[in-house]
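Structure first, then comments.
Order of appearance sets the numbers: ligands from 1, and atoms from 1 within every ligand. Numbers here simply count residues along the sequence, with the first being 1.
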Amino acid sequence: MAISRRRFIRQTLTFGPVAMAFWLDRDLAAWASQCGMPASGADCTLPSPPPAKQFVPNEPKVMTRYSALEMSQPAMATQLKQFREAICKVRDLPKDDVISWTKQVAQHCIHCASSNPTNIHYDWQFLPWHRGLLYFLERILRKLGGHDDLRLIYWDWENTASRTLPTIYAPADQPLYWANRHLTGPRWPLPNDKVDVQPLLGVPTFKTFGGTAVQSTPTPAVYSGPHANVHNAFSPGDMANLQFSPRDPVFYAHHGNIDRLWTSWVAADASHKNPDFGTAKVYFYDENRVWRYVLMNDLRDETKLGYKYSSLMKPKSSLKFMQETPLARKVNHLTLAASTMARLKAPSPDFLLIENIHDLEKLPASAVDFGIFQGTPPAGTQSATAKGFLGTVSRVLSSGHAHNERLSAAINVSDRIGRLAEEKKGTLDLTVAPLDATGKTTAAAIPLVADNISVVS
Ligand code: C2O
C-alpha cells in the first residue's frame, strides 16, 4: 500500500494543484478500511508481565513536537501523513498484541480505579506516568511507521485559535477520527476560564502543582483544571470517561499539552523545580514488546526523551515578583491580613490555591464541575453572573466506579477577590457547589473545607 501510494503521489504531483486536492480526498478515503478499532469492553487487562527491565532514556536526537494547528499547515502535509499512517498501524495490530491500541488503553485503564493504590492521577506519578505513556507510544509509532524522526502532536487548547477539536482530528475515515466524541453544547468552544493555564504556571511548588509520593497529599492541581475540563468537554464521549479516554486518538494530543504545561511550568520561573522522585518507577511495554520500568527521575528532562515543544506557555507577568501567602482560617471563614488585602487590591494577577477540598462526596456523584464561591449561593444560581463566584475545580469520572478523591484548585481570581474581600472587610466565607454543564449550581453550596488555602499575588 505504501509503495503504490508513494508512486501515486509522485504521479499526482506532476499534475499540479487540482489533481493534488483530488488526491488528498482520495487519501483520506483510503483509510477507512485500513485502521482497526480497539476491542470494546476488553481494554482493561494486560497479561501478567515478566520482571521488568530498566529503560534509561538517552535519545541521540531532539526533534520538535508540533501543535495540531501547526500540523494542519500545508507545509506539514508529509509529516502529518506519516503520523496518520503510523497511528493506523498501531490501530491495526491484533488486540492481544501488548503494544496494540487496545493495550495502550489497557495500560491506562489498569491504573484508573480510584480505589486503586497505584492510581496514576492523584499523586506525583500523574505527570511522569502520562509522559512515559506518550513516549513509549511515540517509540512504537517511530518503529512501526518507519520514521525515526516522527514525534507526537499536541493540542494547544490554551491558544484562542484552538478551542474546538483540532481540524486534523476531525474528518471521518482517517486514523485520527473517533466516532464516540461529543462536540456540541455549552462546553464548546472551550471557554477561556476552562483552559486558563496562568494560575497553574504561577503555582510555586511542585507539591501543589504535581502532587507528592502519597495519593492526594495533595491531589495535583494540574489534574483538576484544564486537564479535566478538556476531557469533560467531550461528555458523553470516550474522552470524558477517564478509564477509556485513551481510545480516542485526541487523548494523546490533549496529554501532549498537559506534558507541555509541565515543561512550561519548569521554565516559567527559576524557582520551579522538579522533585527528586527517588526510586519511584513507572512501567510500560516498549516498541519491542519488552516490559520496562523507567525511573521517574529519568523522565524529568524531555530532551533525554528526544523531543522538545515548538513553543511553551508563558506566564503573563513575571512570577519573580509574586509571592504565596497562606490564608488564616477557621473552617471556611478566612481572615486576610492588611498586607494581603493590599496585594489583592493591586492591579497584578491573583491566584487562589486550594489543596484538597473535602466533603465532595456529600455532593451529587455525577457532578464533574464545582464552583467556588464567597457566600452561599442557592441551588439554580448561574455561576458566571453570581457576585461571589471565584472559579471552578473539576474531576473526570469513570463509568463503573466512584471518584471520591479530594480535588485541588489553582484559579485565577485577579479581578474578583480584592473587591469581594474589601466589601466583606477583609474576610471571606468560602463555599463549594456542584455545577451543571451551563455553569448553574445544581445543589446548595457547602462550606469549603480544605487542607491548605493560599493566594499567589
Ligand atoms: Cu490518565 Cu487525562 O488521564
Side-chain angles (χ1 to χ4, degrees), residues 38 43-44 46 68 101-138 152-158 165-166 169 178 180-182 187 190 194-195 197 200 209-211 215-216 219-263 265 280 282-285 294 296 299 368-369 393-403 405 407-410:
D43 39 11
C44 206
L46 288 179
W101 199 257
T102 299
K103 295 304 183 194
Q104 300 299 319
V105 179
Q107 294 199 63
H108 184 260
C109 184
I110 57 169
H111 292 296
C112 227
S114 57
S115 55
N116 183 343
T118 63
N119 192 306
I120 37 82
H121 296 94
Y122 312 118
D123 66 19
W124 68 3
Q125 295 179 89
F126 177 65
L127 292 164
W129 189 90
H130 288 85
R131 176 169 283 180
L133 179 77
L134 264 57
Y135 172 62
F136 283 105
L137 175 63
E138 194 168 71
L152 294 177
I153 295 172
Y154 67 89
W155 174 8
D156 54 335
W157 32 249
E158 84 290 350
L165 179 77
Y169 285 78
W178 194 248
N180 191 9
R181 285 174 176 156
H182 190 79
R187 296 181 189 276
L190 299 165
K194 290 293 183 90
V195 285
V197 294
L200 284 167
F209 181 75
Q215 300 267 316
S216 287
T219 298
V222 68
Y223 167 78
S224 46
H227 166 255
N229 296 330
V230 173
H231 274 285
N232 289 332
F234 290 82
S235 176
D238 280 332
M239 267 289 277
N241 185 347
L242 192 64
Q243 61 186 333
F244 296 136
S245 50
R247 287 172 175 168
D248 186 333
V250 87
F251 170 91
Y252 305 91
H254 174 39
H255 268 276
N257 213 33
I258 294 298
D259 190 70
R260 174 172 168 253
L261 175 54
W262 181 15
T263 301
W265 178 83
V282 290
Y283 297 81
F284 298 97
Y285 281 101
V294 189
M296 284 174 19
L299 292 165
V368 292
D369 297 323
V393 60
S394 302
R395 64 184 172 193
V396 191
L397 297 176
S398 296
S399 62
H401 59 255
H403 277 258
E405 65 280 357
L407 299 178
S408 302

Going by atom types alone, do W157 and H254 pair a side-chain donor with an acceptor below 3.5 Å? yes

Proximity of H111 and H121 rings by center, below 6.0 Å: no

Does the shortest distance from atom 2 (Cu) of ligand 1 to an N/O/S atom of H255 fall below 2.8 Å? yes

Under 2.8 Å from atom 1 (Cu) of ligand 1, is there any N, O or S atom belonging to H108? yes

Counting backbone and side-chain atoms alike, does H227 have an N/O/S atom under 2.8 Å from atom 2 (Cu) of ligand 1? yes

R247 NZ/CZ over W101 ring centroid, <6.0 Å and within 45° of normal: no

Donor on one side chain, acceptor on other, E158 and N257, under 3.5 Å: yes

Side-chain donor-acceptor contact under 3.5 Å, S399 with N241: yes

Below 2.8 Å, can you find an N, O or S atom of H121 next to atom 1 (Cu) of ligand 1? yes

Would you check if atom 2 (Cu) of ligand 1 lies under 2.8 Å from any N, O or S atom of H130? no

